There are 2 protein chains.
Amino acid sequence: MTTRMPVEDRRAQLVEAALAVAASEGIGAATVRRVAEEAGVALGVVHYCFADKDELFAALATRIVDELARAGSEGLAFDGATDLAGALHAAVAALWDTIEVTRGAQLLTYEITTHALRDPDLHAVARRQYEVSHAAAASLLALAADASGAAWVRPLDDVAGEALAFVDGVTLRWLVDGDSAAARARLDGFAAYLATQAKAGRRRARQRAAS
Amino acid sequence: MTTRMPVEDRRAQLVEAALAVAASEGIGAATVRRVAEEAGVALGVVHYCFADKDELFAALATRIVDELARAGSEGLAFDGATDLAGALHAAVAALWDTIEVTRGAQLLTYEITTHALRDPDLHAVARRQYEVSHAAAASLLALAADASGAAWVRPLDDVAGEALAFVDGVTLRWLVDGDSAAARARLDGFAAYLATQAKAGRRRARQRAAS
DNA sequence: GTCTATAGTTGGATAGAC
DNA sequence: GTCTATCCAACTATAGAC
């Protein structure tokens, strides 16, 4: 009853449908049947496009990580920030604004992680999730320091690892208690701490980058 | 074929079986059938002891939180610590030793949380999980300050909230990358930060507690 | 009061139609 | 090459035996 469509387009459509279902109703609700229904296609179409459920699931995970990477490389403007503390404060505020309006997607991210950790074939999915997140955190922190003319006194990866862990924990807690004010306060406190992990330097000139 | 047993004993046995299955194979593997098999009883026995799967699951969640609370109130000895930084260092080291040898249980805790967050009837389970953890963190921090004669300069709940979030995030990351050394380093760094959130005071006398 | 045998529902996969 | 109709397995739940 549905219109015929190239398999690649169909795949993309099905992954979007899977994302919609999983984000709003949980990973457990994203059955092959339910995804087919959401996409408005017959059950077997999904199995035509994906070898099995795991393959559909892996495609969904990739789709989510890609969006994560994209979101991470956006909103990296620190024009107004005068010092590192201010830049970090602005960064966590912007980050939180995004998190807060994507509750289902955030929860899904944790569901994907735990699910992947139980399945040896999918463990790499979880690893990649965190590699991407870690890289995004590191580049954000590097940029914040750069924009405010500060320099981290510890290895960037160490600082990024701590920041990622903290944001992760704060997000999870917020998913449970829904206390946005507390989450923001925690992030602000952590941003202030992070600022102590760098030393101020001369404000970097706009036009030229130091070697 | 199994020996007859009072329903309450049977319930406890089944919850233990459910815990064993869920911790080692994931929450998804903890089906009624699988639990019955693990316990060595017929399928219907589970439904005799629990109204439905959700009730078994709720009992499992309670079982886990109870253990969490018990573990939290143990290992709170800071005899040797001379200052707050040392006490916190010892505390996170001990905490991590426990976490590291209970990987399946840690992962299960996150699975329970996300699962509960998707089910309105089970949302309270997730809340209670975090209330218990938060209380444990707060009492640990209070005791650490007490033992080293320091006093937190910020509300205890704020500090506990940050600590819990951080430990949560570090644990999750470790579940993914298995890097124990990095996890320990992160926790140590955070312990050092926490120590800056208190002011030193006179070492409290052993025999009497201040009002 | 405790357990067994059976029914009913849901979901993943495939053979074959168009 | 794309989709439909059907099958099979796994799971939850209950009726009834002991």
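In the text below, chain A, chain B and the rest are named by the order of the sequence lines, each starting its count at 1. Quick caveat: nothing in here was measured; it's all calculated off a predicted structure.
Between H47(A) and dT14(C) there is no side-chain N or O to OP1 or OP2 distance below 4.0 Å.
You'll find the side chain of D158(A) stays beyond 4.5 Å of the side chain of Q197(A), heavy atoms only.
Near-neighbour residues of DNA chain C inside residues 20-36 of chain A, defined by a heavy atom below 4.0 Å, number-ordered: T31(A), V32(A), R33(A). For DNA chain D, the neighbouring residues in residues 49-57 of chain B, judged by any heavy atom under 4.0 Å, are D52(B), K53(B).
Every residue meeting the salt bridge (Lys or Arg N to Asp or Glu O under 4.0 Å) condition with R34(A), not counting sequence neighbours, appears here in chain and number order: E25(A), E37(A), E38(A). Residues that satisfy the side-chain hydrogen bond (donor to acceptor under 3.5 Å, both in side chains) test with D119(B), not counting sequence neighbours, are absent from this structure. Remark: W174(B) pairs with W96(B) by the ring pair (Phe, Tyr, Trp, His ring centres under 6.0 Å) rule, at least two apart or across chains. F50(A) meets the ring pair (Phe, Tyr, Trp, His ring centres under 6.0 Å) test with no other residue; sequence neighbours excluded. Residues forming a salt bridge (Lys or Arg N to Asp or Glu O under 4.0 Å) with D97(A) (at least two apart in sequence, or on another chain): R184(A). Scanning for side-chain hydrogen bond (donor to acceptor under 3.5 Å, both in side chains) contacts around R186(B) gives an empty result, with sequence neighbours left out.
For the pair L43(B) and Y48(B), nearest-nucleotide mapping onto DNA chain C gives the more 5' position to Y48(B).
Screening residues 101-112 of chain A for side-chain hydrogen bond (donor to acceptor under 3.5 Å, both in side chains) gives T102(A)-Q106(A), Y110(A)-D168(A), E111(A)-R118(B) as the qualifying pairs, with residues at least two apart or on separate chains.
Listed nucleotides: dC3(C), dT4(D), dG1(D). Nearest to the side chain of R10(B): dC3(C).
Atoms CD (E8(A)) and P (dG1(D)) sit 14 Å apart, rounded to a whole Å. As a whole-Å value, the separation of M5(B) CE from dC3(C) P is 7 Å.
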